[in-house]
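A quick write-up on the structure given underneath.
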Amino acid sequence: MTAATPSNSTPAQPGGQRYTPLELEERWQRQWKADGLDRTEEPAEGQKAFYALSMFPYPSGTLHMGHVRNYVITDVIARVQRMRGDAVLHPMGWDAFGLPAENAAIERGVNPADWTDRNIAQMKAQLDRLGLSIDWEREQATCHTDYYRWTQWLFLELEAGGLAYQKEATVNWDPIDQTVLANEQVDGDGRSWRSGALVEQRKLRQWFLRITDYADALLDDLDQLQGWPERVRTMQANWIGRSRGAEIDFAVVEPGGPTTGERITVFTTRPDTLYGASYVVLAPDHPLVEALTSEAQRDAVTAFRDLMETLSQDERTAEDQPKRGLPLGSHVINPVNGEPLPIWIADYVLADYGTGAVMGVPAHDQRDFLFARRHQLPLRQVVQAPGQEGPDPLGEAWTEAGVLVHSGRFDGLASNDAKAAITAFGEEQGWARSRVQYRLRDWLISRQRYWGCPIPIIHCPSCGAVPVPREQLPVELPRAVELSGRGGSPLAQLESWKAVACPCCGADAQRETDTMDTFMCSSWYFLRFADPRNQEKPFSAEAIARWLPVQHYVGGIEHAILHLLYARFFTKALHDRGLLTIREPFQRLLTQGMVQGVTYRNPSTGRYVPGTQVSDPADPRDPADGSRLEILFEKMSKSKHNGVDPAAVIDRYGADTARMFILFKAPPEKDLEWDDADVEGQFRFLQRLWRLVDQAAGCGVALQAILPLPSELTTVDRDVRRAVHSAIAAIDEDLSGELQFNTAISELMKLANALGGRLEQLSEAVRQEALSALIRLLAPFAPHLAEEFWQRLGGSGSVHREPWPSHDPEALVQDSIELVIQVKGKVRGSLTVPADADRDSLEQLALASDVAQKWLEGQPPRRVIVVPGKLVNLVP
RNA sequence: GGGAGCGUGCCGGAAUUGGUAGACGGACUCGACUCAAAAUCGAGCGCCCUCGGGCAUGUGGGUUCGAGUCCCACCGCUCCCA
């Protein structure tokens, strides 16, 4: 940071003041607040309602550039839509439950509620400096009782609908955060999304929501979400992971003898490979393992099961891992051919997935193949690859479709047809059923932590799990709790809080001491914003009908599955409970890219060097050893010393520059490389506008009255009007459909360039029209500066209440155009021609041109292609 | 391995249905103003050139009067699922 302080570098102009963004922005922010400019107006008769929403933040206390980008994008959308005449709902709130508050409490002895409220105040103050048109009267914090009583109410609603239940299951345990996690909250490496710890498996009794009941709806309705990025829809579809297949029963037999009456049911997506099965595998913790283990194998099996309990799901199922397993010493019969098959247990089969049992078909499944090879199990090919003659060398499994062989009566069928045929045959005989299987698991919502929404359940020894009566909500989170971060749910230590009479029978009972996953709280906040002060219900049907679905939702791609899937599930479940008429919450979704900071890395040591220690950015050297540093752009983080503090940027250049820069530098979906030199450039543009408006004020522009255009326009007038109206048309286009703020701002720059130095030459009406349009087009992007301009040039009221400009097609009409002349597709010259010339005359003009003479050498062209308004292509 | 997306000057990035590739900005160079600097203003800025032009949108093919855009193959990067 060596540049001079920019606010000192704008010289005073004759007749005007200097552009001092800080003073100007604070002044307008005060004014807007006093005027209630950002208060939501209920839609009037015939007025469209528009709901613009940013994913609400966790109140960490510090605003970072990612937040700024997110909220500025949404703010521009909201502001444009208001100017276009819609009633706009643009609220903000706080995803305020969560572990950082609890950890702060453990480390510093503060109360999580106080810590959170302080952070909210701090972040709100930072947000306010950005000039966001947020209606703060609708603010929500999920940790406040007037919000979470309704989270509890909705939990009871789901419970009443049979969608919440308790079960004992093997679940993900985060050893750092000391709590369980939902499957969605464990990443591809088997680590917690929050703490980064490798999760462990534990068998615990927990609360779940039946999101799997909605697997089909969540998957099928993705097709309706045409306003969502394809990528996010694909990710959700993969996560839900629907596969069609069959359940097949294998009867258990005594060694060499009759069936025992027990059966093992497997799920397979490949019933066509049934003849190729050479063993059956159970999950190590499958309930039948005990009964099916022979005496000889008992000790080995017990040892194996103990080992498996210590491993994570990922460690067990990773494809590059050796497949461990051992035989139980008992057998089943393959129902399709009566052949006995050994029963094994193995690491790669999970009890919770499908039926917890699979059939092993080494020839046609890669994991089975590896397992069979390791344990010398037989391999039998039953699907032949197309065009393959004779037996396959089988260096690996053939997992594609083909033609059945060695499959009795099914030989010769294509594998796809065979799936149906073998399943149907099994159904006839009673040993198969066609079934759909999902990857999606039920949502585990219990958390063994304090700072969350209490689960409103009372456990009674005689009545079981009893919902807290709704009139007793909220079940308040007690303040005085000892937090250690260890040893189970903190609420469980509070005997006085825990002890309660059963609402059913009055007997001594105990409250549930787990809290809810914070994703519960964020699964419905967008509904509460529509009706934020309702004391009777979480929201009224009318308010929802008025505002929902969210027209434009903006947030990070990291929620592609997590929050966005849960919120969709809530919406569907509440629809089915009769509380909502919508089935999808978010009509359009914009996933904004990351904000990256310039990062200096020593390639030999891997050390990150702070920018402040780099003396020459053009030739960065490591002060430690003098070696050249790599310059990278990476996600801003403390460890990489590449963060840029939004407050510092605003202090230096003002919010308008920060807003303009962040929108201009990259399209919203792409990662953005933060570069201080470019911010400086953006600031220069705003200063240029400042001088332009100064100049306009000097010419006596007065925006309050609309002047009629003179009947005769000069050439300059017509050129400027064309520039103005083509900017309006282009910006309007950029802000419709696919949002392209970056090109919209470049159009503003072009317009400013077109006006520069010509203001004096314009007739008064054209000058006024141009300034009025420029300022209104600028208003959503740089709201403070636009307001200042509007006022200085005598506009009445706020520019933010002005209508969005619309372009005059007449102004775009040109008398003459540049006609490009191509010869065989290559540009050889151009010609100024009347804009309304028809095809024939264009052809004649082109043929008569010097360019044609030169390149055609007197020969008539073989072919002439005329694109009116653009070009003529002569093909010799 | 499967799926999705991307690849354009020194850099960020523009390019309706295929129709003048490089808009707009940054960096850089030169000039004006200045005692000087900053700021500002003006000009230049893909590569090669014998100044006619030739070559250029990851690579190689194809379709077309015409391809950054469409098709095929390949290379590289990112993300998701295995």
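Chain A is the first sequence line, chain B the second, and so forth, proteins listed ahead of strands; every chain is numbered from 1.
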Using atom types as modelled and distance alone, determine if a side-chain donor or acceptor of R242(A) lies under 3.5 Å from a backbone N or O of V436(A).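 Checking the backbone N and O of V436(A) against the side chain of R242(A), no donor-acceptor pair under 3.5 Å is found.
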Taking the side chain as every heavy atom from C-beta outward, state whether [X] and [Y] have any pair of such atoms under 4.5 Å apart.
X	Y	result
Q185(A)	V199(A)	no
Q596(A)	M636(A)	no
L689(A)	L774(A)	yes

For the residue pair F661(A) and W674(A), categorise the inter-ring angle as parallel (less than 30°), tilted (30 to 60°) or perpendicular (more than 60°).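 If you compare the ring of F661(A) with that of W674(A), the planes turn out perpendicular.
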Below 30° counts as parallel, above 60° as perpendicular, anything between as tilted: where do the rings of F781(A) and F741(A) land?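 Because their plane-to-plane angle is over 60°, the rings of F781(A) and F741(A) count as perpendicular.
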Under 4.0 Å protein heavy-atom contact, by nucleotide of nucleotides 1-21 of chain B - B base, S sugar-phosphate only: -----------BSSS---BB-
With a 4.0 Å cut-off, would you call R722(A) and D719(A) a salt bridge?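 Answer for the salt bridge query: yes.
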Assess whether a salt bridge exists between R270(A) and D272(A), defined as any Lys/Arg side-chain N lying under 4.0 Å from an Asp/Glu carboxylate O.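 Answer for the salt bridge query: yes.
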Could you tell me how far [M] sits from [N] if I compare only their [atom1] atoms? Round to whole Å.
N	M	atom1	value
G76(B)	U59(B)	P	15 Å
G61(B)	C10(B)	C1'	31 Å
C47(B)	A36(B)	C1'	38 Å
C11(B)	C81(B)	P	33 Å
A67(B)	C72(B)	C1'	15 Å
A14(B)	G60(B)	P	26 Å
C33(B)	A38(B)	C1'	12 Å
A21(B)	G7(B)	C1'	16 Å

Separation of [X] atom [atom1] from [N] atom [atom2], in whole Å?
X	N	atom1	atom2	result
L562(A)	C80(B)	CG	C1'	13 Å
H559(A)	C79(B)	NE2	P	18 Å
L565(A)	C80(B)	CG	P	16 Å
E558(A)	U78(B)	CD	C1'	16 Å
F661(A)	G25(B)	CZ	C1'	10 Å
R18(A)	A39(B)	CZ	C1'	13 Å
M594(A)	U78(B)	CE	P	12 Å
Q682(A)	A27(B)	CD	P	12 Å

Anti/syn call for G26(B), syn if |chi| within 90°: anti
Have a look at G9(B) and give me syn or anti from its glycosidic angle (syn if within 90° of zero).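 Chi for G9(B) falls in the syn range.
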Sugar-phosphate only, base, or nothing, as touched by D675(A) at under 4.0 Å among non-hydrogen atoms: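 No contact.
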Dot-bracket summary - RNA chain B, pairs being Watson-Crick or G-U whose distances fall under 3.5 Å, with | when paired to another strand: (((((((..(((......[....))).(((((.......))))).(((....)))..(((((..]....)))))))))))).
Under-4.0 Å side-chain N/O to phosphate OP1/OP2 contact, R863(A) with G66(B): no
Is there a side-chain contact between R691(A) and the phosphate of C41(B), meaning an N or O under 4.0 Å from OP1 or OP2? yes
Return the polar atom pairs (N/O with N/O) between nucleotides 44-49 of chain B and the protein under 3.5 Å, or none.
none

First of M235(A) and K750(A) reached from the 5' end of RNA chain B, by closest nucleotide: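 Result of the comparison: K750(A).
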If you assign W239(A) and G681(A) each to the RNA chain B nucleotide with the nearest heavy atom, which residue ends up on the more 5' nucleotide?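 Nearer the 5' end of the strand: G681(A).
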Euclidean distance, H563(A) NE2 relative to M55(A) CE, rounded to 0.5 Å: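 M55(A) CE to H563(A) NE2: 5.0 Å, rounded to 0.5 Å.
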What I want to check is whether the side chains of N642(A) and Y600(A) have a donor and an acceptor closer together than 3.5 Å. no
Can a donor-acceptor pair be found between the side chains of N753(A) and R688(A) at a distance below 3.5 Å? yes
Is the CD atom of E738(A) crowded by more than 12 outside heavy atoms at less than 6.0 Å? no
The single option from Q682(A), Q740(A), K750(A), R659(A) that satisfies side-chain contact (heavy atoms from CB on, under 4.5 Å) with I745(A) is Q682(A)
